[in-house]
Amino acid sequence: MIRVQREDFDIAAEMKALTGARTDIGALVTFTGLVRDDSSAPGLKAMTLEHYPGMTEKKLSEIEDEANRRWDLTGSLVVHRYGRLEPGEQIVLVITASSHRGDAFEAASFLMDWLKTEAPFWKLEKTGDGETWVDAKVEDEDAKDRWQKE
Amino acid sequence: MKLLYFAWLRERIGLSEEELSLPDGVITVQDLITHLTARGDGYASAFCEPAAVKVAINQDFAKVTDPVTDSDEVAFFPPVTGG
């Protein structure tokens with residue numbers, strides 16, 4: 001399942017919703033991305049995430065489908081927020097469920113690497129000096145490329 | 001066709017979306033960029049650095065050599081930075 005929303009999310013509640021009454025899930029991996037105040041934008045006051053409604057949902061669903069094709073998952077969830085966020089706030093949540101941890105760990109990592117280069121979101125950082133659009137990072141492309149099939 | 005602009009392309013052009021009748025001679029995304037660039041300084045500034053502009057046709061990533069039609073939704077935006 002994928003969701004794009006302005007509101008915050010509750011990690012424990014999302015984990016519980018994903019497992020439900022199932023007892024065949026042996027591994028649940030969660031990744032949460034937070035707004036970070038770092039050296040590239042010291043004194044970060046806020047970050048505004050813009051996205052492309054429609055294409056965002058489409059790309060996230062495609063990414064999730066691909067993860068489910070590659071790994072044996074019993075469930076998965078991607079939640080991505082948009083709008084104005086302050087340092088320390090949650091931006092993105094990925095949860096993968098599987099019988100065993102290997103598939104759950106790899107699928108969660110894959111989902112994040114793909115999402116960063118394929119989902120149409122843009123970050124605008126606000127510091128004391130003004131507002132700046134964040135540049136895409138080469139490392140993110142490299143991180144995605146490691147999942148390319150030979 | 002419907003045109004959409006995001007992030008700093010939206011700011012430079014001053015619009016988030018607009019309708020455009022496919023102009024004569026516009027076959028590909030590159031033709032469309034050339035046409036838009038000639039419309040004014042905002043557009044010229046948005047498209048001045050071709051490598052920094054990504055395009056999607058009907059919500060799928062596309063290339064500048066891809067063809068466009070009058071019924072397409074074409075979006076221009078910088079490389080994505082979500083996650």
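To find a chain, count down the sequence lines: A is the first, B the second, and so on, and within it residues start at 1.
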Return yes when atom CG of D24(A) has more than 12 non-hydrogen atoms of other residues, nucleotides or ligands closer than 6.0 Å, and no otherwise. yes
With no hydrogens and no angle check, do the side chains of [X] and [Y] hold a donor and an acceptor under 3.5 Å apart?
X	Y	answer
T132(A)	E125(A)	no
D8(A)	Q90(A)	yes
E106(A)	W71(A)	yes

Please classify the contact between [X] and chain B as side chain, backbone, both or neither, with a heavy-atom cut-off of under 4.5 Å.
X	result
E62(A)	side chain
D135(A)	backbone
K137(A)	neither
K58(A)	side chain

Centres of the Y52(A) and F121(A) rings: under 6.0 Å?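 Between F121(A) and Y52(A), which both carry aromatic rings, the centre distance is not below 6.0 Å.
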Identify which of S16(B), A75(B), G82(B) forms the greatest number of heavy-atom pairs closer than 4.5 Å to chain A.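 Ranked by heavy-atom pairs under 4.5 Å with chain A, first place is G82(B).
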Identify which of K116(A), M112(A), H51(A) forms the greatest number of heavy-atom pairs closer than 4.5 Å to chain B. K116(A)
With a 4.5 angstrom heavy-atom cut-off, is it the side chain or the backbone of A7(B) that approaches chain A, or both, or neither?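 Both backbone and side chain.
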